[in-house]
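Below is one structure, written out as structure tokens; the observations come after it.
It should be emphasised that the depicted structure is a prediction, and the values quoted were computed from it without experimental measurement. Worth knowing before you read on, the calculation uses all heavy atoms, side chains too, and leaves out hydrogens, waters and symmetry mates.
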Protein chains: 2
Amino acid sequence: MAVMNEPLGLRARKKLQTRQRIETAAFELFERDGFDGTTTEAIAAGADIAPRTFFYYFPTKEDVVLADYADRLNRIVEQLRERPHTEHPWAALRASFLVVAADYDTEREQLTRRFRIMATTPSVYARNLQLQAGWEDALAAALAERMGCDPENLGPRLLASSALSAMRSSQRRWIATGQQTPLPALVQHCFDQLDTGLADIDP
Amino acid sequence: MAVMNEPLGLRARKKLQTRQRIETAAFELFERDGFDGTTTEAIAAGADIAPRTFFYYFPTKEDVVLADYADRLNRIVEQLRERPHTEHPWAALRASFLVVAADYDTEREQLTRRFRIMATTPSVYARNLQLQAGWEDALAAALAERMGCDPENLGPRLLASSALSAMRSSQRRWIATGQQTPLPALVQHCFDQLDTGLADIDP
DNA sequence: TGCAATATTGCAGTGACTGCGATATTATGA
DNA sequence: TCATAATATCGCAGTCACTGCAATATTGCA
């Protein structure tokens with residue numbers, strides 16, 4: 001299940017390259033003409049592939065923007081699975097999110113670009129929420145397993161949903177303030193609030 | 001700003017009628033052919049209007065399913081605005097949501113139909129999330145006002161986001177259990193959890 | 001080298017959604 | 001009551017994301 005990053009034959013390497021070319025071309029065009037002003041056809045042309053091939057790599061134009069953001073969330077689920085079962089579910093969630101949030105700082109420019117498009121393009125934000133909904137399911141399932149209950153119970157759902165809320169709120173703040181405060185600190189703060197209870201919020 | 005339900009000239013009345021006809025026709029077709037299997041053209045035909053006219057009433061096919069669900073959320077924002085400013089923000093949120101959740105029980109069948117489509121059709125669920133994001137903004141703004149701070153602060157955002165999470169979790173559970181437990185009770189329970197803090201969750 | 005697996009492409013199509021301009025219908029004020 | 005403004009309805013032509021299918025090229029492997 002884990003990532004294998006050793007052999008990687010010619011085929012796989014080429015595929016990654018193409019994928020990368022698509023992303024590069026896409027972001028260039030997004031920058032110039034805006035997300036909505038860019039057609040998948042134009043992206044394909046910029047990446048030197050046939051229009052049809054674009055959809056072999058990305059199911060949606062929106063997914064180009066959200067691509068790597070996606071496996072980031074996958075990593076969170078992995079983290080959660082590896083956490084000791086003795087840990088309290090909420091604590092495990094918190095820790096998992098923090099681990100992943102930590103490397104947000106390393107890829108600032110790339111992330112900022114993606115977030116900026118997401119923040120200004122409704123369809124991209126919508127797609128983002130849709131993907132997160134999928135991960136909410138995954139998180140809820142993982143939590144249910146460690147809690148020994150049905151994934152449809154309120155407990156795991158609310159935990160997963162709240163964690164993602166915390167993450168989104170943090171991200172938004174992060175962007176709004178021009179990445180002043182490091183992301184992990186914001187995430188931590190949100191988790192703290194949910195930990196103590198929202199009745200404890202300041203004013 | 002409040003609803004005016006007195007005069008309502010011929011024009012407005014006819015418009016409401018047409019809107020209603022569209023919804024009726026649409027749900028009939030959704031039932032028969034599924035959401036994705038139904039074209040806006042077919043809906044228009046069923047409602048005795050021109051294909052073009054459909055988009056004069058609904059910006060999106062998805063919005064037919066989510067229509068009345070929309071003004072329900074508007075009511076929550078109104079409620080929040082009318083709450084005494086001395087009340088703690090989280091308490092005000094809780095109260096506002098509960099007021100509106102209360103009448104979920106009255107329109108069971110209609111709501112269940114809508115939820116069921118939403119639960120099984122990704123594009124509809126996505127649109128739902130997108131609309132909720134808009135209301136999250138509205139809620140955050142209202143909260144910021146009463147808290148006397150910037151709407152972009154973490155506080156109001158996290159509060160609004162968490163409240164909506166609670167709502168979604170409750171709805172999901174409500175549907176999953178075949179509407180056994182009344183919705184308000186579920187909502188209340190979720191708000192309780194967030195109130196006390198998620199660290200307090202059972203196992 | 002030959003065969004299986006997979007990647008790339010072209011083509012033709014579907015269907016949601018838009019802009020525009022024409023026309024019908026209702027509201028309003030003189 | 002009638003002219004006029006406002007708004008609703010509609011047709012048309014077009015754009016664009018996305019799909020299924022079948023042909024072809026490329027790569028992995030025995």
>> Please list all pairs meeting ring-ring contact (aromatic ring centres under 6.0 Å, His included) that have one or both residues in residues 139-168 of chain A, counting only residues at least two apart or in different chains.
In response: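 Applying ring-ring contact (aromatic ring centres under 6.0 Å, His included) to every pair that reaches into residues 139-168 of chain A, excluding sequence neighbours, yields nothing.
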
>> Give me each pair satisfying side-chain hydrogen bond (donor to acceptor under 3.5 Å, both in side chains) with a member in residues 177-187 of chain B, each pair once, sequence neighbours excluded.
In response: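 Not a single pair qualifies under side-chain hydrogen bond (donor to acceptor under 3.5 Å, both in side chains).
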
> Quick one: side-chain hydrogen bond (donor to acceptor under 3.5 Å, both in side chains) pairs with a partner in residues 29-48 of chain A, sequence neighbours left out?
Replying inline: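 Listed by first then second residue: nothing to list.
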
> Do you know which two heavy atoms are closest between A/L93 and A/A160, and how far apart they sit?
Replying inline: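 Looking at all heavy atoms of both residues, the closest pair is CD1-N, 4.3 Å.
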
> Do the rings of A/F115 and A/W174 sit parallel, tilted or perpendicular, given the 30° and 60° boundaries?
Replying inline: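 The arrangement is perpendicular - the two ring planes meet at more than 60°.
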
From [atom1] of [X] over to [atom2] of [N], roughly how many Å is that when rounded to an integer?
X: B/F55; N: D/dA8; atom1: CZ; atom2: C1'; value: 17 Å
X: B/Q17; N: C/dT26; atom1: CD; atom2: P; value: 11 Å
X: B/K15; N: D/dA6; atom1: NZ; atom2: C1'; value: 12 Å
X: B/R13; N: C/dT25; atom1: CZ; atom2: C1'; value: 14 Å

>> Between B/F54 and A/T53, which residue's closest nucleotide on DNA chain C lies nearer the 5′ terminus?
In response: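 The residue whose closest nucleotide sits nearer the 5' end is A/T53.
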
With a 4.0 Å heavy-atom cut-off, tell me which residues in [range] come close to DNA chain D, sorted by residue number.
range: residues 19-31 of chain A; answer: none
range: residues 118-126 of chain A; answer: none
range: residues 35-49 of chain A; answer: A/T38, A/T39, A/T40

> Base, sugar-phosphate alone, or nothing: which one does A/Y57 contact when heavy atoms must sit under 4.0 Å apart?
Replying inline: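 Counting heavy atoms under 4.0 Å across all strands, the contact made by A/Y57 is with sugar-phosphate only.
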
> Hey, does A/F58 reach any base, or is it just sugar-phosphate, or nothing, if we go heavy atoms under 4.0 Å?
Replying inline: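 It contacts nothing in the nucleic acid.
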
Find the distance between [atom1] ([X]) and [atom2] ([Y]) and round it off to the nearest 0.5 Å.
X: B/S123; Y: B/F35; atom1: OG; atom2: CZ; answer: 4.5 Å
X: A/D63; Y: A/Q130; atom1: CG; atom2: CD; answer: 9.0 Å
X: A/R94; Y: A/L159; atom1: CZ; atom2: CG; answer: 13.0 Å

>> Going by side-chain contact (heavy atoms from CB on, under 4.5 Å), name the residues that satisfy it together with A/K14, two or more places apart in sequence or in a different chain.
In response: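 side-chain contact (heavy atoms from CB on, under 4.5 Å) check on A/K14 returns A/L10.
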
> Who passes side-chain contact (heavy atoms from CB on, under 4.5 Å) against B/R168, sequence neighbours left out?
Replying inline: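 So B/R168 forms a side-chain contact (heavy atoms from CB on, under 4.5 Å) with A/S161, A/R168, B/Y125, B/L129, B/Q132, B/L164, B/S165.
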
>> Among residues at least two apart in sequence or on other chains, which ones pass ring-ring contact (aromatic ring centres under 6.0 Å, His included) with B/W135?
In response: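 Listed in chain order: nothing, the list is empty.
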
> Are the charged groups of B/D150 and B/R157 less than 4.0 angstrom apart, N to O?
Replying inline: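 Between B/R157 and B/D150 there is no salt bridge, as every charged N stays at least 4.0 Å from the carboxylate O atoms.
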
>> Regarding A/R172 and B/D137, does a basic nitrogen lie under 4.0 Å from an acidic carboxylate oxygen?
In response: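 Between B/D137 and A/R172 there is a salt bridge, with a charged N closer than 4.0 Å to a carboxylate O.
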
>> Check the phosphate of C/dC17 against B/T60, side-chain N and O only, distance under 4.0 Å to OP1 or OP2. Yes or no?
In response: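 Yes, because at least one side-chain N or O of B/T60 sits under 4.0 Å from OP1 or OP2 of C/dC17.
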
>> Quick one: does any side-chain atom of B/K15 pair with a main-chain N or O of B/Y57 as donor and acceptor, under 3.5 Å?
In response: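 Checked: no pair found.
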
> Once each nucleotide of nucleotides 25-30 of chain D is scored for protein heavy atoms under 4.0 Å, what B/S/- sequence comes out, 5' to 3'?
Replying inline: -BBS--

> With B/D68, which residues qualify under salt bridge (Lys or Arg N to Asp or Glu O under 4.0 Å), at least two apart?
Replying inline: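 Salt bridge (Lys or Arg N to Asp or Glu O under 4.0 Å) list for B/D68, sorted by chain: B/R72, B/R114.
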
>> Counting neighbours of CZ on A/R116 that are heavy atoms of other residues, nucleotides or ligands and sit closer than 6.0 Å, is the number greater than 12?
In response: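 No, the 6.0 Å shell around CZ holds no more than 12 heavy atoms from other groups.
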
Write out a two-atom table: protein N or O, nucleotide N or O from nucleotides 10-13 of chain C, distance below 3.5 Å.
unit_1: C/dG10; atom_1: O6; unit_2: A/R52; atom_2: NE; d: 3.4

